[in-house]
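Beneath this line is the structure, given in structure tokens, with notes to follow.
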Amino acid sequence: MEHLVRHLGPLRHEVLLAVFYDDRGRLLGHLLEQDGALQSVSGRYRALIEPALRLGSSGLALVHNHPSGDPSPSAADASTTRCLQALSMAMELEFLDHVIIAGRAAVSMRRAGLMVQPEQAAPVEPQALRLTPSRAADWVQSPGGTRPRGAG
């Protein structure tokens, strides 16, 4: 972690690092997004989940920096993290942590209690959440919205 703090902490633009790992905790790959206008990870769910699935990952962790120098998670950071955590659970991925770095400080959202513990998650029937490739192929995206294939 010290290495990340040293390199991401002083940056003047926001950087998002997603790390993907297997069921033994081995690194499978990462995604680094740099965008001077990036305000939060909000709306980037697909871009984070797709590589995890493509790599056959068991889970992911996020790290991003706050150029402001304050590592405190914003309300948007907390909300987005909870949404991404729920999506990860539905996709059978472990969302290990979301760490925010600013200057020489870092905040783990899990340690700060800002992530739902798996045992606290609302029970949901897994088959209701799984979207298998065969089920996904039955749906198409159209300008009018998502609809079943073949529907007018």
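The figures that follow rest on heavy atoms only: side chains count, while hydrogens, waters and symmetry mates do not. Computed from a prediction, not measured in an experiment: that's the story for all the values here.
The two residues A102 and P71 come nearest to each other via the heavy atoms CB-N, 3.5 Å. Contact detail for S57 and L93: the closest heavy-atom pair is O-CD2, 3.1 Å.
M115 contributes atom CE, which lies 8.0 Å from atom OG of S108 (distance to the nearest 0.5 angstrom). In this structure, L28 CG and L60 CG are separated by 11.5 Å, a value rounded to the nearest 0.5 Å. Rounded to the nearest 0.5 Å, atoms CG (L55) and OH (Y21) are 13.0 Å apart. A distance of 10.5 Å separates CD in Q85 from CG in L114, rounded to the nearest 0.5 Å. Summarising the geometry, atom CD belonging to E94 is positioned 10.5 Å from atom CG belonging to D23; distances are rounded to the nearest 0.5 Å. From R46, atom CZ reaches atom CG of L87 across 11.0 Å, with rounding to the nearest 0.5 Å.
For the pair L16 and L48, the minimum side-chain heavy-atom distance is below 4.5 Å. Counting only heavy atoms from C-beta outward, the side chains of L32 and Q34 approach each other to under 4.5 Å. In this structure, V107 and P73 have side chains that are in contact, with non-hydrogen atoms separated by less than 4.5 Å. Taking the side chain as every heavy atom from C-beta outward, V63 and V19 never approach each other to under 4.5 Å. Here the side chains of V15 and H64 are not in contact, with every heavy-atom distance at 4.5 Å or above.
Checked by atom type and distance alone, the side chain of R110 pairs as donor or acceptor with a backbone atom of F95 at under 3.5 Å. Using a distance-only test at 3.5 Å, with no hydrogens or angles considered, no donor-acceptor pair links the side chain of N65 to the main chain of I100.
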M109/V99 under side-chain contact (heavy atoms from CB on, under 4.5 Å): CA gap, chis, key distance, verdict: CA-CA 6 Å; M109 292 184 70; V99 177; over 6 Å; no
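Side-chain N/O atoms of S68 and D70 include no donor and acceptor closer than 3.5 Å. Side chain to side chain, E14 and H66 fail the donor-acceptor criterion of an N or O pair below 3.5 Å. No side-chain N or O of D22 forms a donor-acceptor pair with one of S58 less than 3.5 Å apart.
In this structure, L27 is not a member of the same hydrophobic cluster as L96, with clusters built from ILVMFWY side-chain heavy atoms closer than 4.5 Å.
The side-chain contact (heavy atoms from CB on, under 4.5 Å) test with L62 singles out one residue from T80, L84, D77, and that residue is L84.
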